[in-house]
Amino acid sequence: MDVLGGTGFGLVQLRVVPITSGLAIGALIAGIASILVSILVICFGVGGAGPWVAGAFTLLSALGGGGAAVAAVLALRQIRRSGEPGRVRFTGRGLAISGIVCGGAGAAISFLALFLGVLLQTS
């Protein structure tokens, strides 16, 4: 408690411990999952299981990557708007940005692997 000069009153400031954003953590997990599913696309697409199987896993990876990007953008918005006095302050900006990067990379790798798999099947 800080005493205000010239008065007998004190000033109390609430200090709220920052919390890591759950949306940022979820975005990173979804982005990593998207990369792992894109490895399955590589295995099935180039391995010869067929473009239908690779296409199904590509769709799953793209949905996971898109979900990671959406959750990360929402987490960045949540982090930016938090921190007012007396309210919860969220952290995890790096996690959210990593979720965007991993989600985009997973979707891009899976589309590239599907394209290569279809190209190898037709030639």
Separation of [Y] [atom2] from [X] [atom1] (nearest 0.5 Å):
X	Y	atom1	atom2	value
S21	Q78	OG	CD	4.0 Å
L95	L76	CG	CG	10.0 Å
S110	I39	OG	CD1	11.0 Å
I25	T20	CD1	OG1	5.5 Å
I29	S34	CD1	OG	13.5 Å
L114	L119	CG	CG	11.0 Å

What are the two closest heavy atoms between [X] and [Y], and how far apart are they?
X	Y	value
A27	A72	CB-N, 3.6 Å
I35	C102	CG1-O, 3.5 Å
I79	G92	CD1-C, 3.5 Å
G103	A68	CA-CB, 4.2 Å

Quick check: is [Y] connected to [X] through a chain of hydrophobic side chains (ILVMFWY, heavy atoms under 4.5 Å apart)?
X	Y	answer
F44	L116	no
I42	F111	no
L63	V37	no
L23	I100	no

Next on the checklist: Hydrogens and angles aside, do S61 and S38 bring a side-chain donor and acceptor to less than 3.5 Å of each other?
Outcome noted: no
Item to check | Donor-acceptor contact below 3.5 Å, side chain T58 vs main chain A54 | outcome: yes
